[in-house]
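Quick note on labels: first sequence line is chain A, next is B, and so on, each numbered from 1.
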Amino acid sequence: MRAFFLPYIEAALQKAGIETDKEIQIEKPTDKKFGDFSTNIAFLLAKEAKRNPRELASQLIGLLSFPEGTVTKTEVAGPGFINFHLDQVFVMRSASAVLRQGEAFGCTESGKGQKAIVEYVSANPTGPLTIGRGRGGVLGDCIANLLETQGYEVTREYYFNDAGRQMQILAESVRFRYLEKCGREIEFPTTHYQGDYISDIAETLFIEHGDELAATDELTLFKETAEGIIFSSIRKTLERLSITHDKFFNEHTLYQSREGEPSRNQQVIDALEAKGFIGRYDGATWFMTTKLGQEKDKVLIKSSGDPSYRLPDIAYHVTKFERGFDLMVNVFGADHIDEYPDVLEALKILGYDASKVKIAINQFVTTTVGGQTVKMSTRKGNADLLDDLIDDVGADATRLFFIMRGKDSHLNFDVELAKKQSKDNPVFYLQYAHARICSLVRMAEKEVGFDETAATGEGLPLLSSEPEIDLASALLDFPDLIQASLRLLEPQKMVEYLHTVAERYHKFYQECPILKADESIRAARMELSLAVRQVLRNGFRILGISAPESM
RNA sequence: ACCCUUGUAGCUCAGUGGAUAGAGCACCAGUUUCCUAAACUGUUGGUCGGCAGUUCGAGUCUGCCCAAGGGUACCA
C-alpha cells in the first residue's frame, strides 16, 4: 500500500518544484482519526527549505491528486502531518488481490535472477543442539524464506569444522568413556565434554568392538564415530523444526590444496600479500590491520603453522563471492560480533563488494533455573537441549518462541516457565484463526453449497462495517511487512503483523454473522475469510509453522 | 580498562525523530438457545534505568553515569 502513494507524492513534489533526496516515509498513524496513512515529508522538507511545515503541507495537498475513488480526503493535521483517508470501496476492491494472487500475494520479483546464500546454525559437531543454537537456526530459516518470496535463488548453508581442537577433545572424551566401559579406572578430565551423549557414543563403540580399541592411542575411529552420531542427531533435531540446509560446507576443505593449486587459505595469504597487508614476525603471519588504523595486527597463521580461525573465515567468504552470490546473509550468535569487521576489511582489500554481506546477530539465550542464571555450555553438558524443548512444547511453539522476540533481545529462558506457558504461546492464537476459517469453509460447503473456487473477491466492496474495513486494510499491509522484515532481517515483525490480522479476524467473526447473513453479504464475508486464510498461510510459510485445518 | 548489545506495566516483550507510549501473560468483572469460548468485551497496572544536551517535537539521536549479557587470545 505504501507503494501506492509514492508516485503521487513524488508528482506533487515535482509540481512544487521541490527536489530532495529525503526518503518519503508513509506511515500508519497510531489513531484512526488521523487517517489510514500519513506522511511526515513536510517536516523533513521544511527543515531543508527553512519553511513552516504546516504551510508547506498545505501547499503539497493542493498539488496532490489521486485517481477517482481511491483517496477520499487528504488533510493537514497537527504541526504538519499529511493524512490520507482511503475510500472504503477502494480498500475492499484492493483486498481482492489476495484471492487473485493466492500464494503469490506479497511476493515480488525484485530478487529474480539473483543468488543469495544464508548461512546459519553452523554448529560444530561436538554435541547435541542447544536452545541457543535453535534461535539462530529459526532466524536463518525465516530469513531464507523471506528472500525466496522476493524471487532470490536461495542456498541454505551450514559451515562447520571437524578438524579443530574441539574435535580432538571430543574424540578424547569419547575414548575416556570407552575405557571406562572397558573397566579401566579413569579420572575424566574437567576440560572435556561432560554430557551423557559421550557415554552413549562410547557404548556404541563398545558394543561394536568390545575392548579391542583400548590398546591403541589412535583417535580417528573415536572422532569419526562421534562426528557421525552427533551430526545425525543435529540433523534430526533441525528436521523436527523444518530447518533444512542445501549444503554442509566443511571448513577443512579450505586447508587442502586442489589439483596442484595452493589451498584457499594460502590463496588468501598470497592475495593479501600482493596488496601489502601481510606481515611476518614473532614466528607468525599477520593481517596488518594496523594499516587500517587498528591498534593491533591480527594473526592469520600461528607460529605453530596452523591457521587461526580468521584465515579460513576470510577464505570461506571468498568462496561465496566466487560461487557468484549477489547477497550473503550470515546469522551468528553475539559471540562472533567482533570477528566480522576484520573479515569485511579483508574482503574489501581483495576487491570484493563487502556491502553484499549482511550480518544478522542474535543475542544469547540465558537460562534461568529457580531464578538463578545458569551459564550454558556444551562442554559442561549443562545446556538445555533444543530437542527437549521441542518434546515439551512442539515444533511450532518452539519456532515462534524464538522469533516472537527481536533478535537483539537478551532472551531469558526458563524451561519450567516455558512448559507452563506453552498453551499461551501466541502460535496458537494465530493458528486458531486459520482453523476457524477452515471450519467455517467446511460448514459453508455443507450448509449452503459454498464453492471456494468461485470466490473471486468481486463481492468484497459490499462490505462496509468497521471490523470488515479494518480487516481488509490489515491484509493489504502484508507485502509491506515482508519488505520490512527483510530489510531489518527481523521476522519478528511478521509475527507481530500476523497477530494483528488474527486479532482483527476474531473481532470480525464475533461481530459479523457470516453463514446467517443474506446471500450476497454471506458470499462477500466468505471471500474476506478466504483472503485472511490466504494471508495467514503465506505468513505461516515464511515463519515455518503449520496451518492446521482444525484444532 | 576498552568495544558491542540490552534496560519500557508485576512477568515476557513491541515501539521507522512524530500525534494521548502499546500487546500478550497474570489479576479482576462480563459475553454462548446462534458459524470452533484456544475467542470476544471491559477494568487495573508506566518517574520509558539516571542526569544533562541537540530541536518545532526525544522511549527513539548525542554525552556522561548505573546495571545485565557478550567480546577484547598465536581458542572457534
Nucleotide opposite B:A39 in a Watson-Crick or G-U pair, distances under 3.5 Å:
B:U31
Pairwise P distance, B:A21 and B:G45 [rounded to whole Å]
15 Å
Tell me whether the centres of the aromatic rings in A:F231 and A:Y158 are closer together than 6.0 Å.
yes
Could you tell me whether the phosphate oxygens of B:C40, OP1 or OP2, come under 4.0 Å of any side-chain nitrogen or oxygen in A:Y429?
yes
Separation of B:A14 P from A:Q492 CD (nearest whole Å)
6 Å
Any A:K302 side-chain nitrogen or oxygen under 4.0 Å from OP1 or OP2 of B:A73
no
Pairing nucleotide - B:A67, Watson-Crick or G-U, each distance under 3.5 Å:
B:U6
In this structure, how many angstroms lie between the P atom of B:U12 and the CD atom of A:Q363, rounded?
16 Å
With a cut-off of less than 4.0 Å, is there a side-chain N or O of A:K298 near OP1 or OP2 of B:C74?
no
Length of the CG-C1' vector between A:N425 and B:C13, whole Å
13 Å
Among A:I9, A:T39, A:N40, side chain to side chain contact (heavy atoms under 4.5 Å, CB included) partner for A:I82
A:T39
Parallel, tilted or perpendicular: ring planes of A:Y429 versus A:H506, cut at 30 and 60 degrees
perpendicular
Look at the rings of A:Y255 and A:H252 and say which category their plane angle falls in: under 30° parallel, 30 to 60° tilted, over 60° perpendicular.
parallel
Is there any protein nitrogen or oxygen under 3.5 Å from a nitrogen or oxygen in nucleotides 58-62 of chain B, and what are the pairs?
none

A:F43 or A:L411: which one's nearest nucleotide on RNA chain B is closer to the 5' end?
A:L411
Go through B:C35, B:G18, B:U36 for me and flag the one nearest to the A:F81 side chain.
B:G18
Sticking with atom P, work out how far B:C64 lies from B:A76, rounded to a whole angstrom.
34 Å
Residue matched to B:U72 through Watson-Crick or wobble contacts both under 3.5 angstrom
B:A1
So, is A:K407 near the phosphate of B:U5, with a side-chain N or O under 4.0 Å from OP1 or OP2?
no
Between the base of B:A19 and the side chain of A:N40, is one N or O donor paired with an acceptor at under 3.5 angstrom?
no
Paired nucleotide for B:A52 [Watson-Crick or G-U wobble; both distances under 3.5 Å]
B:U62
Can you list, in residue-number order, the parts of residues 517-531 of chain A that come under 4.0 Å of RNA chain B, counting heavy atoms only?
none
Side-chain donor-acceptor pairs under 3.5 Å in residues 471-485 of chain A, sequence neighbours left out?
{"from": "A:S473", "atom 1": "OG", "to": "A:K28", "atom 2": "NZ", "distance (Å)": "3.4"}
{"from": "A:D477", "atom 1": "OD2", "to": "A:K28", "atom 2": "NZ", "distance (Å)": "2.9"}
{"from": "A:D480", "atom 1": "OD2", "to": "A:M1", "atom 2": "N", "distance (Å)": "3.4"}
{"from": "A:D480", "atom 1": "OD2", "to": "A:R2", "atom 2": "N", "distance (Å)": "3.4"}
{"from": "A:D480", "atom 1": "OD2", "to": "A:R2", "atom 2": "NE", "distance (Å)": "3.3"}
{"from": "A:Q483", "atom 1": "NE2", "to": "A:Q150", "atom 2": "OE1", "distance (Å)": "2.9"}
{"from": "A:S485", "atom 1": "OG", "to": "A:L481", "atom 2": "O", "distance (Å)": "2.7"}

Between the base of B:C74 and the side chain of A:S303, is there a donor-acceptor distance below 3.5 Å?
yes
Can A:Y432 be called stacked on B:A39 when the rule is centres closer than 5.5 Å and an angle between planes below 30°?
no
Toward the 5' end of RNA chain B, by each residue's nearest nucleotide, A:A484 or A:R436:
A:A484
